[in-house]
Every structure is written in structure tokens, then in C-alpha cells.
Number of protein chains: 2
Amino acid sequence: MVAVDLGGTRMKCGLVAADGAVLHRETRPTPRTAGGRAVLDTLLETVVELSQKATADGHRVRAIGVVVPGIIDAETGTVVAENLAWSGTPVRAELIAAVGDDDVPIVLAHDVRAGGYAELRQGALTGTTNSLFLPLGTGIAAAMVVDGRLVSGDGYAGELGHTRFIHGETAELCACGQWGCLETVASAAAIARRYAARAGRVVDGSREVMELLAAGDEIAAQVWQDALTVLIEALVLYTTLLAPTRIAIGGGLVGAGETLLQPLRDGVHARLTFQREPEIVAAVLGEEAGCLGAALYAWDRVTSEEQS
Amino acid sequence: MVAVDLGGTRMKCGLVAADGAVLHRETRPTPRTAGGRAVLDTLLETVVELSQKATADGHRVRAIGVVVPGIIDAETGTVVAENLAWSGTPVRAELIAAVGDDDVPIVLAHDVRAGGYAELRQGALTGTTNSLFLPLGTGIAAAMVVDGRLVSGDGYAGELGHTRFIHGETAELCACGQWGCLETVASAAAIARRYAARAGRVVDGSREVMELLAAGDEIAAQVWQDALTVLIEALVLYTTLLAPTRIAIGGGLVGAGETLLQPLRDGVHARLTFQREPEIVAAVLGEEAGCLGAALYAWDRVTSEEQS
């Protein structure tokens with residue numbers, strides 16, 4: 001199984017066996033600044049080279065799973081993804097042409113939903129039928145498990161990061177064009193950016209802000225509190241609407257551990273009245289979730305084709 | 001098919017044929033003030049009498065569908081419903097005992113979800129796979145169609161009326177115990193209550209406020225605008241998270257027609273950036289939606305038991 005998690009800066013690649021064992025891992029840069037065609041060419045090259053490596057190592061490539069941070073049209077296999085400079089790019093057709101083997105099915109899926117699927121099958125959401133995987137990384141998107149199935153919404157669902165939680169004058173413009181989105185305050189990128197704006201100096205990502213927080217820095221405490229406030233609001237809203245029994249927080253921010261999770265639990269607990277209260281836990285698969293999800297989807301496809 | 005939509009003030013009852021034709025309709029008062037036991041006894045009596053009537057009219061009762069405004073535990077068949085004074089009441093067991101015929105399956109379901117199911121099968125949401133039925137009545141709950149299925153969330157999902165859209169000092173306490181819920185501003189009951197509070201006189205429900213609005217009353221205009229503002233916020237949020245292609249507004253407020261719908265369409269259109277824009281339409285089944293949904297669920301049960 002060839003699996004690729006194509007991100008805006010890096011592609012995480014793997015060869016994965018039927019039992020989920022990762023036989024090979026590698027990371028390659030995504031040539032985002034060179035444009036959408038360059039990104040696609042690099043993806044095609046990577047998939048072909050990984051397939052050749054698998055064959056050389058004595059494995060049979062049964063399927064190929066690719067996950068991307070964008071909206072995938074399930075019918076046409078085209079992708080819109082700002083981070084990859086793709087606007088309706090025919091990714092599935094190009095992958096099929098590059099692989100050139102009709103017996104190797106190709107699965108194209110959304111990266112966060114694939115990560116959620118991996119958490120559901122092998123991670124923090126195992127055994128749930130209503131749950132949420134919420135990675136807080138450069139951006140924020142959600143993988144939603146509802147009545148036992150991962151929600152797709154024709155590829156459009158799950159944009160919890162782009163719901164408005166900041167109102168009035170303090171709302172910031174989001175990359176999506178809306179104002180006051182969750183992502184503008186509570187993503188790892190937002191925490192670094194907001195600290196830098198207040199402190200008047202560049203920081204080394206959200207990780208440095210967390211270190212400053214631990215050291216008692218007041219600006220870091222304020223930026224962190226702002227993020228907690230909107231995250232609590234978002235989790236209460238999600239719980240009211242979709243009744244998860246478990247919420248797994250992922251992405252870079254969950255590196256803060258209980259400094260993040262305990263205030264979220266306390267804040268959500270204090271707000272709920274009639275709703276069913278979810279467990280709030282850390283996701284367990286980390287950066288591999290997307291790549292593993294790509295492999296799981298690909299194995300599912302092979303299994304379902306064998307059965308049909 | 002015996003179908004009962006048990007509301008907090010009235011129960012709407014019907015005998016419904018396999019093709020959806022309503023053979024008989026009647027409405028009975030719900031003895032809410034007499035307590036939960038009285039409500040249950042009245043329900044049992046109603047179901048038995050309707051069954052007898054069906055038999056007397058020469059029909060065979062194939063199943064019984066009852067829908068209620070509460071949280072139904074699918075395993076135990078117990079119901080929590082504040083409007084019916086039920087707190088873990090064993091409704092399914094009591095219905096089975098009262099009917100006393102193992103060959104007549106009993107279906108117990110949530111009223112708004114049943115209404116949404118009727119709109120999906122025979123009404124404004126026909127043909128959709130991702131859509132929303134949002135009745136604006138005494139309260140506000142949502143029936144959510146996601147990836148082709150009506151969401152249950154173990155009976156807890158869909159409480160869009162109890163998400164917070166009013167922040168700060170103007171937030172009002174909701175019956176659910178939270179502050180600033182959508183329902184405190186945009187339900188039919190809230191519109192009447194908020195007008196009365198501002199004008200210093202009691203009004204005859206949201207209908208009178210709508211008449212005042214049409215007549216140019218300034219307080220009515222403000223109360224109406226407040227409702228539109230939070231409804232737009234709620235529809236944008238729902239669209240961002242669950243990507244409906246169509247939203248059907250129901251309940252008493254949709255009696256306002258385009259005075260309600262056109263500002264909602266304009267407001268949602270102006271706010272969306274990357275999201276898929278939903279059609280916003282009026283629900284078409286009106287007050288019968290819940291009762292019809294109860295009958296449809298009951299027929300589904302009969303059909304699935306025949307197939308199994």
C-alpha cells in the first residue's frame with residue numbers, strides 16, 4: 001500500500017502493510033511556491049517512485065491512497081486546495097495515468113478526515129459512534145463521526161475552524177475571507193502570530209509561546225486564554241449540535257498536554273446543561289494520522305472490491 | 001397505521017395508509033399541567049382508541065408511530081421531555097403493554113426529526129443528501145440530513161436552538177439553563193415575548209408581531225431584525241460545518257413567507273466565502289410533518305420486518 005499525506009509544506013509518505021505496519025517512511029518537500037503543476041508533478045513522481053520501491057523490496061502494491069488538504073469532487077476526482085495552489089486540478093485522472101495499472105485502485109481523500117478515520121480505527125476514537133477529531137495545527141478542520149460514519153458532506157463538511165466565534169471590533173480577517181473564525185485565534189499558527197503582534201517580535205511558532213506561557217509570560221497567558229475561550233465555545237457548540245461522546249484534540253497545540261486539555265474539560269463541563277458530556281482526550285496518532293488514514297482507506301477499497 | 005405527534009399542548013393524531021394518504025385526523029389536548037403520568041395515560045388511551053377506530057373502519061393496524069419532543073433512549077425506550085413532564089418515563093414499554101399485540105410494532109421517535117424525515121421523503125427536502133429542516137416554533141430544534149441519513153446522535157443531536165449566538169450583557173437566560181441561545185431570540189415564542197417586554201404589553205403570539213411589522217411598528221422591526229441576525233449566524237454556521245444543499249424553514253415563523261426567507265437568503269449569501277451555498281426554502285408539510293413522519297417511520301419498520 002502506497003500512502004501519501006500531501007501537505008502545504010511537506011508530503012509524508014509511507015508503505016503500509018495490511019495489518020497497519022509501516023514498512024517504510026519518508027518525507028519530501030512540497031514545492032508549493034513553484035505552483036500547482038509543480039506540486040502535482042512531485043506527487044505523481046513520488047507515487048511512482050514509492051511503487052517502484054515497494055516492488056523492488058518484494059511487496060505487491062495493492063492500492064494507492066493520497067490525502068490532501070482540500071475539497072475533493074467525488075465524481076470528477078478534481079481538487080480545490082489553496083495550500084497546494086490547486087483550483088479544480090484533475091488529480092485522480094493524473095494519478096491513474098501516472099500509475100498506469102488498472103488493477104491498482106487509487107483513493108483520494110481529505111487529509112483531516114483521513115486522520116480522523118485512522119483515530120477512529122486505531123487511535124483515540126476507537127469504539128465511538130459519535131465523536132470528533134479536531135487537529136489544531138496551521139489551520140483547524142474537523143473530522144466528524146456521526147451515527148457511526150465519518151461525515152463527508154460531498155467533501156465540504158467539517159470546517160469548524162471557519163465558524164465565527166469572535167464578534168465586533170476584535171475580530172480578525174481569516175484566510176478564508178470571513179471575520180472572527182475559530183482559526184484566527186485558536187490554531188497553532190494564530191497563537192504564534194497573535195503573540196508576535198502583541199509582543200512586537202517574531203517567535204518560533206506556537207511551541208515558543210507555550211514555553212513562554214510555562215515561564216509566566218503575561219502576553220502568552222492572554223493569547224493562550226483567548227484560544228481556550230473560543231475552543232470551549234466551539235466544543236460546546238459541536239456537542240450541542242452533534243452529541244459526541246469523545247473529542248480527540250490533535251495537531252501541534254496538543255503538545256501542551258493537560259495545559260490545553262484540562263481547561264477545555266473544565267470549561268465545557270461548566271457550560272453544558274442538558275447536553276451529553278463528551279470525554280476530551282489527546283489524539284494518539286500524531287503526525288502519522290493522515291498517512292495512516294490514507295493507507296486504511298486504500299485497504300478498505302481493496303477489501304470492498306474483493307467482496308464485490 | 002396509527003400516528004401520534006405528542007406536543008406540549010396538543011397531540012396531533014392520524015390514521016395513515018401505506019401510500020401516505022391520511023384516512024383520519026384528530027387533535028386532542030395534552031394534559032401537561034396534570035403531570036407526566038396523566039400525559040402518558042392520555043397517550044395510551046389515544047393510541048388504543050385510534051387502533052379501535054381503525055379496526056372498526058375496516059383497516060388493519062400494521063404499526064404504531066409516536067413522536068415526542070424529547071430525548072429517547074433507543075435501548076430502553078425511556079423518554080426525557082421537559083414539555084411532557086417526563087424524566088426517564090418508560091414510554092415504549094407502556095405502549096407495548098397497552099397495545100398488547102406483539103404483531104404490531106411500535107416506533108418511538110423525536111418529533112422534529114420525524115418532521116424532517118417527512119420533509120425528506122415527501123416535502124421540501126426531497127432528493128437531497130445533505131440538508132436541514134429547521135422549524136421555528138415555540139422552540140427551535142433541527143433535523144439534520146447528513147450524507148443521505150437523518151442524524152440521531154443517540155437521540156441527542158440537532159439542538160441548534162440551544163447554541164449560543166448572543167454574547168455579553170444582552171444575552172437572555174434560556175429554558176435549557178444556558179445563556180444567549182438562538183431560541184431566546186429567534187423562536188416564535190421569543191419574538192412574542194421580546195416584543196411584549198419592549199412594548200410593555202402582551203401580544204397574541206408572533207403572528208401579532210408580524211402584523212405590527214407589516215404595519216411599520218418600530219419595536220416589531222427591531223425584534224424581527226434581532227431574530228434575522230442570529231438566524232443568519234446559525235445558518236452560516238450550519239452550512240460551514242455540515243454543507244447542506246437545501247435548508248427548509250418550518251414552524252410558525254415561516255408564515256411570514258418571503259419577509260423571513262429573503263433576508264435569510266441575502267444574509268447567508270453575503271457571509272459565505274468558500275462554502276457551498278444552500279437554497280433556503282419554506283418547509284411544505286406544515287403542522288402535519290411530525291404526524292406524517294411518525295407514520296412513515298412506522299411503515300418503514302413494517303417494510304424492514306417483512307424483508308428480514
Side-chain angles (χ1 to χ4, degrees), chain A residues 70-71 74 80 82 128-132 141-142 144-168 173-182 229 232-234 236-245 270-278, chain B residues 70-71 74 80 82 128-132 141-142 144-168 173-182 229 232-234 236-245 270-278:
Chain A
I71 294 171
V80 176
E82 202 206 340
T128 62
T129 52
N130 287 284
S131 54
L132 172 68
M144 313 186 285
V145 179
V146 172
D147 294 345
R149 302 198 307 181
L150 212 59
V151 171
S152 159
D154 304 324
Y156 288 88
E159 298 292 352
L160 188 62
H162 297 291
T163 53
R164 177 150 82 176
F165 290 103
I166 304 291
H167 304 264
L173 182 61
C174 183
C176 76
Q178 299 180 101
W179 291 83
C181 293
L182 178 65
T229 300
I232 290 165
E233 194 78 30
V236 168
L237 183 146
Y238 188 89
T239 299
T240 304
L241 200 58
L242 288 161
T245 57
R271 283 278 307 279
L272 298 182
T273 59
F274 68 96
Q275 302 96 325
R276 180 166 72 166
E277 186 166 345
Chain B
I71 294 170
V80 176
E82 201 207 343
T128 63
T129 52
N130 288 283
S131 54
L132 172 69
M144 312 186 287
V145 179
V146 172
D147 294 346
R149 300 196 310 179
L150 212 59
V151 171
S152 159
D154 303 325
Y156 288 89
E159 298 292 351
L160 188 61
H162 297 291
T163 53
R164 178 149 82 177
F165 289 104
I166 304 290
H167 304 263
L173 182 62
C174 184
C176 77
Q178 299 180 102
W179 291 84
C181 294
L182 177 65
T229 301
I232 289 164
E233 194 78 28
V236 168
L237 182 146
Y238 189 88
T239 298
T240 305
L241 200 57
L242 287 161
T245 57
R271 283 277 308 278
L272 299 182
T273 58
F274 67 96
Q275 302 97 325
R276 180 165 73 166
E277 185 167 346

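Just so it is clear, the model here is predicted, and its values are computed rather than measured. Hydrogens, waters and symmetry mates play no part in the numbers below; they use all other heavy atoms, side chains included. Throughout, protein chains are lettered first and strands after them, A, B, ... in sequence-line order, and every chain is numbered starting at 1.
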Between B:A243 and A:A157, which heavy-atom pair has the shortest distance, and what is it?
CB-N, 4.1 Å

Tell me, for A:H162 versus chain B, whether the close heavy atoms (under 4.5 Å) come from the side chain, the backbone, both or neither.
both

Please classify the contact of A:E82 with chain B as side chain, backbone, both or neither, using a heavy-atom distance under 4.5 Å.
neither

Is a donor on one side and an acceptor on the other found under 3.5 Å between the side chain of A:R164 and the backbone of B:V236?
no

In terms of heavy-atom pairs under 4.5 Å with chain B, the winner among A:L272, A:L237, A:L160 is A:L237

Mind checking the CG-CZ spacing from B:D154 to A:R276? Nearest 0.5 Å is all I need.
4.0 Å

Quick one: what part of A:L182 sits under 4.5 Å from any heavy atom of chain B, side chain, backbone, both or neither?
neither

Distance col, row B:T163:OG1 vs A:Q275:CD, nearest 0.5 angstrom, shows 10.0 Å

Among A:A141, A:G153, A:G148, which residue has the highest count of heavy-atom pairs closer than 4.5 Å to chain B?
A:G153

For the CG atom of B:N130 and the OH atom of A:Y156, what is their distance to the nearest 0.5 Å?
11.5 Å

Specify which of B:G158, B:P244, B:C176 makes the most heavy-atom pairs with chain A at under 4.5 Å.
B:C176

Closest non-hydrogen atom pair between A:L242 and B:M144, with its separation
CD2-CE, 3.7 Å

Closest heavy-atom pair, A:D147 versus B:S152, reported as atoms and distance to 0.1 Å, is OD2-N, 2.7 Å

Hey, could you give me the NE2/CD distance between B:H167 and A:E233, rounded to the nearest 0.5 Å?
5.0 Å

Max heavy-atom pairs within cutoff under 4.5 Å with chain A, candidates B:T239, B:V151, B:T245, goes to B:V151

